[in-house]
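To start, the structure under review is shown below, and the notes come after it.
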Amino acid sequence: MNFKKKHIILFLVLICFACQENKQIVIEPQIIPAPNNLNITAGEFYLSSNTNLIYDAKLEPAVAYWESLFTPVFGLNTGKANTMRVVLDKSIKNPEAYILDVNTLEITIKASSPKGVFYAVQSLIQLLPPEFIKDGFKSEGINIQTLKIEDNPEFSYRGMHLDVSRHMYPVEFIKKYIDALAILKMNTFHWHLTDDQGWRIEIKKYPKLQEVAAYRKETLIGHYSNQPHQFDGKKYGGYYTQEEVKDIVAYAQKRFITVIPEIEMPGHSQAAIAAYPELGCSGEQVEVATKWGVFEDIYCPKEETFKFLENVLDEVVALFPSEYIHIGGDEAPKTQWKNSSESQALIKSEGLKNEHELQNYFITRMEKYLNSKGKQIIGWDEILEGGLAPNATVMSWRGTNGAVEAAKSGHNVVMTPTSHCYFDYYQSDNDDEPTAIGGYLPLEKVYGFNPIPEELNSEEAKYILGAQGNIWTEYMPTSEQAEYMAFPRILAMSEVVWTNAENKNYEDFVSRVENFHKRLDVLDINYANHLFEINGEMNSVNSKSFYKLETLTEGKDIRYTLDGNEPTVTSQIYRSQIPISKSLELKAAVFNAKEQLGQPFIQNINFHKAVGAKITIDKTPHKAYSGSGAEGLINGINGSDSRYGDKEWLGFWGEDIIITIYFSKPKEINSISTRFHNGNGQWIYAPEEIGFSFKLQEDGRTLNDINRIKNNGGIIVNHSYKVEPTFVSQIEIVVKNYGEIPEGKQGAGNNAWTFIDEIIVN
Ligand code: ACM
């Protein structure tokens, strides 16, 4: 933001003198997403039913939205005390840009399109008390801070996704979600309507999509990695009728939000194949999937299938005015195509090299069809494999390589890498969090996302249209749970796509989020509140170790204990880093003067022999999973079992690594334990082999040993290596990557990730 906190405080003091007269509190501008130019001036504007609304008729659609909120609260404009003027200004180039100028006599909004006016109105609403948007407030009018905002978005695609296949939500919730997007100046709702676990859009030509594909007989209980799998025995499902879809699309349009429907192909199509087995290659009856993951039953590339998809798309195209139709394209195992005579015949007749090129043929054919209907396709980054359909836009989710490849070849890209955009990951490392798919994506990491991959030059960067947060709903059975995962990360995403890098500041954002909670309360949105949680970090300097605690919100104390007792208002206040020289359990919490805020923070520190030693790794961890660097592998702290993305885990994609630990003085050791993550759903596979070598103290000789790692399929794979007590000056550990994931396993055909955390030396 281009104004300073101290200026705000000065103005608020001035305003408070002013407001004593008419007992009005003026809201401090704390707009999310942060406007790109905001200048606060000293003064206020009194908005009431005496405010005369004057507007250009061409801007009516956005003004109507304002009036729909304003009129029930204030009544019709009756007087001429002051003016709110909405002006069409064609000199404003970007149709999404706006100027909002509030002085003591007039509110002026300028934009070159209704959309710009709509965003000005959203900023204006955030200058009003939160209650305004819902119920109005019981006063005649309200004082507004005088200011001038000149604002325009950084990216043209500002989206949120919602999967309604794994779990579905009432129409009212979909509208509430769209409202939230509108408040945050997002412009795209990516509606994931079909998947293995349920088909959710009415297609009149194919009644079995409603009768069969929309329902699964039961649903997996608990996390996928809990073995053996158990099911709830309850039929689950439903679908949105075409009337409901039309209603939702119209509702979104009034809020300047484009709805992009996703109809998955060729993979994630088991529900459709359950309804119409002839669409698959085997022709066998399958059931709508009852658990999560990737399934082998995919559409078979034959005329019958193409005709089915064209007919489905005809109905979809008629319902959605969006330029784009999302055709999925992700995670389509090719085993059935390899074994199907029709697929092989098509490969031959079309002169294709393999099944990947067959996928390209499939997607390109559907693209041609949609182009002929005036639509463009967008697909997950697997659509790059085997060649990219000529006009396709790529949604890059498996890291950023797909984005780089697509942008360099002149294709548009929307960024949704798992590392920063998957809001189905855990958002806190607190153990009380509801079950999530895995991974760790806290608010700060979302906020820090830069949609432009560093490999692109400024010309190539123009192909990056923007970014999107994804809500995959395997572990979100209720709309409350979906909200909990979306909020507040969606606030961070709105700023990622709207606000320039120069105007972004995480601390300032956090203070605005704390303030925004009141708005979310009024809107009855179930948000996660981790603002009063503590971040901890172990540091070692010159073989001495310290633990640092931090909290983001200002004006509060951290209190802690080292004896296992719960922290209370009388526990020691944290003032500087805590020296650590033995294993212990640290507990801490944030307090204001009288009470504990937020959840307690608990850290077990295992002060083993390598803590504080020097460590190197021959490869750099993947930039999205660099944790707290190599030192984090010997800092005495285990990463979370369920959140491989926390700062203790290091992630490497498809690489072998060599880790070397150096002791300043030789140490007597007798065991080394390693921990690997094995979250196969996220393509993380524990290595099968690990090598150890030691430099012995007495003669500098090295001892080498290679171990097979026992993997019982759990989410964490531990390996312990015992040796006769030996004095060593150096340990080298060679970790072999699992390699390319074989057919039949999750992520087949991709390189496996290796995730490693604490190496415990005793
Ligand atoms: C995806 O998460 N399978 C796009």
Side-chain angles (χ1 to χ4, degrees), residues 157 159-167 188-198 200 224 260-271 289 291-299 324-334 359 363 377-385 388 392-403 405-406 413-426 436-441 446 449 467-476 482 485-486 489 493 624-625 644-645 653 679-684 741 745-753:
Y157 186 110
M160 281 297 297
H161 148 288
L162 184 67
D163 162 17
V164 292
S165 172
R166 279 53 180 260
H167 287 100
T188 309
F189 169 43
H190 169 180
W191 200 5
H192 185 82
L193 285 161
T194 72
D195 215 302
D196 304 302
Q197 296 82 4
R200 304 275 175 245
Y224 185 92
I260 298 182
E262 181 179 354
I263 305 296
E264 275 269 21
M265 62 189 79
H268 287 294
S269 48
Q270 189 169 311
K291 58 183 172 185
W292 324 125
V294 173
F295 297 87
E296 295 287 339
D297 284 283
I298 71 170
Y299 290 126
Y324 283 118
I325 303 290
H326 200 304
I327 48 74
D330 58 320
E331 298 181 315
K334 302 297 184 302
Q359 158 132 345
I363 300 292
I377 66 161
I378 188 163
W380 302 107
D381 58 52
E382 284 92 334
I383 65 171
L384 283 154
E385 289 165 9
L388 188 52
T393 292
V394 171
M395 195 165 259
S396 182
W397 72 284
R398 298 174 303 170
T400 56
N401 293 349
E405 187 184 334
V413 177
V414 173
M415 300 298 293
T416 65
T418 51
S419 57
H420 293 81
C421 299
Y422 270 46
F423 296 174
D424 53 341
Y425 288 13
Y426 286 101
I437 199 159
Y440 181 54
L441 177 54
V446 179
F449 180 49
Q468 166 178 295
N470 289 346
I471 309 277
W472 298 104
T473 59
E474 285 91 336
Y475 299 97
M476 302 176 208
M485 299 307 275
R489 288 183 284 195
M493 184 54 73
Y625 297 108
Y644 57 83
W653 198 5
N680 299 169
Q682 282 76 42
W683 313 349
I684 302 170
I741 304 168
K745 291 197 179 253
Q746 302 211 63
N750 292 284
N751 283 327
W753 285 86

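Because the structure is predicted, anything quoted here is derived from the model rather than measured. Both counts, for ligands and for their atoms, begin at 1 and track the order of listing.
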Self-check item: Those residues that, when tested against H161, pass ring-ring contact (aromatic ring centres under 6.0 Å, His included) (two or more places apart)
Solution: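 With neighbours one apart ignored, the set is H190, H192, W472.
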Quiz prompt | Numbering as shown, the atoms of ligand 1 that approach W472 to under 4.0 Å (heavy-atom distance) | solution =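 The atoms of ligand 1 under 4.0 Å from a heavy atom of W472 are 1 (C), 2 (O), 4 (C).
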Practice problem: Heavy-atom distances under 4.0 Å are what count here, so tell me which part of E331 touches ligand 1: side chain, backbone, both or neither. | Solution: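 E331 to ligand 1: side-chain contact only, backbone stays beyond 4.0 Å.
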Self-check item: With sequence neighbours excluded, residues passing salt bridge (Lys or Arg N to Asp or Glu O under 4.0 Å) with E405
Solution: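 Residues passing salt bridge (Lys or Arg N to Asp or Glu O under 4.0 Å) with E405: none at all.
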Practice problem: Would you please classify the geometry between the Y625 ring and the Y644 ring as parallel, tilted or perpendicular, with 30° and 60° separating the classes? | Solution: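 Judged by the thresholds at 30° and 60°, the geometry between Y644 and Y625 is tilted.
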Practice problem: Return a yes/no value for Y422: is any of its N or O atoms, backbone included, closer than 3.5 angstrom to an N or O of ligand 1? | Solution: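 Such a contact does occur with ligand 1.
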Quiz item: Looking at ligand 1, does any of its N/O atoms fall within less than 3.5 Å of an N/O of D330?
Solution: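 Yes: some nitrogen or oxygen of D330 is under 3.5 Å from one in ligand 1.
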Quiz prompt | CA sep, side-chain torsions, deciding dist, call: Q746, W292, side chain to side chain donor-acceptor pair (under 3.5 Å) | solution = CA-CA 11 Å; Q746 302 211 63; W292 324 125; over 6 Å; no
